[in-house]
Amino acid sequence: MIDKEKIKKAIRMILEAIGEDPEREGLRETPQRVADMYEELLEGYYREDEYIQFTERSDLVVVGPIRFYSLCEHHLLPFFGYVYAAYLPKGKVVGISKIVKVIHKYARRLQIQERMTEQIAEELQKLTGSHDVMVIVRSRHMCLEMRGVKAQSVVTTAALRGEFMKDTALRSEVLTYFAKEASQL
Ligand code: ZN
């Protein structure tokens, strides 16, 4: 588990370094609140879910958009958006809630979007027992919008495995589903 006492001390130091008074009323509970918040936002490190698989017949499963929130590891600022996933089942179809859990497991830790996309694809391969997996992540990064270039930007990353890499017709079919479901970020 994360060391909340250490986070509290660190946040208090940051408040002092900024020139704030950590004892003033509005800030007194802030180190505790931030420690609780990080415990929640970074719980992905400690998730070890048991996945239950069940069998159902389907040629292609397409899921999304699934909302996620993460923290960039370079600035500790949020990036958030949607994950879209597709796979070709090999005899078993997994519940949507399992896929959502995989996404949260990798979103709720310090991340970069590219790695998160790869990790979700890899875990979906394990979960579904299928090599043929496609994951697309579209997100907005607060470290690009609030600081640095200060421009609203949508970052899209994709992981293509197996048939989704080889078969361009299959890929465009899935992309049309995703386009239909595309959400405002
Ligand atoms: Zn960043």
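In listed order, ligands and their atoms are each counted from 1. Side chains included, hydrogens not; waters and symmetry mates left out as well; all remaining heavy atoms used.
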- request: Sorted by first residue and then second, give each ring-ring contact (aromatic ring centres under 6.0 Å, His included) pair with at least one member in residues 132-163; sequence neighbours left out.
  value: F79-H141
message: Does M142 have more than 12 heavy atoms from other residues, nucleotides or ligands lying within 6.0 Å of its CE?
response: yes
- prompt: Would V61 and V94 count as a side-chain contact (heavy atoms from CB on, under 4.5 Å) if you check the C-alpha gap in whole Å, the side-chain angles of each, and the deciding distance to 0.1 Å?
  reply: CA-CA 9 Å; V61 177; V94 296; over 6 Å; no
message: Pairing donors with acceptors under 3.5 angstrom, does anything connect the side chains of S70 and Q111?
response: no
field: Residue pairs involving residues 2-31 (criterion ring-ring contact (aromatic ring centres under 6.0 Å, His included); sequence neighbours excluded)
entry: none
- request: With the Zn ion (ligand 1) as the centre, enumerate protein N/O/S atoms below 2.8 Å in chain and residue order.
  value: C72 SG, H75 ND1, C143 SG
task: Any pair with a residue in residues 6-17 that passes salt bridge (Lys or Arg N to Asp or Glu O under 4.0 Å), sequence neighbours left out, goes on the list, sorted by first then second residue, please.
output: E5-K8, R12-E16, R12-E23
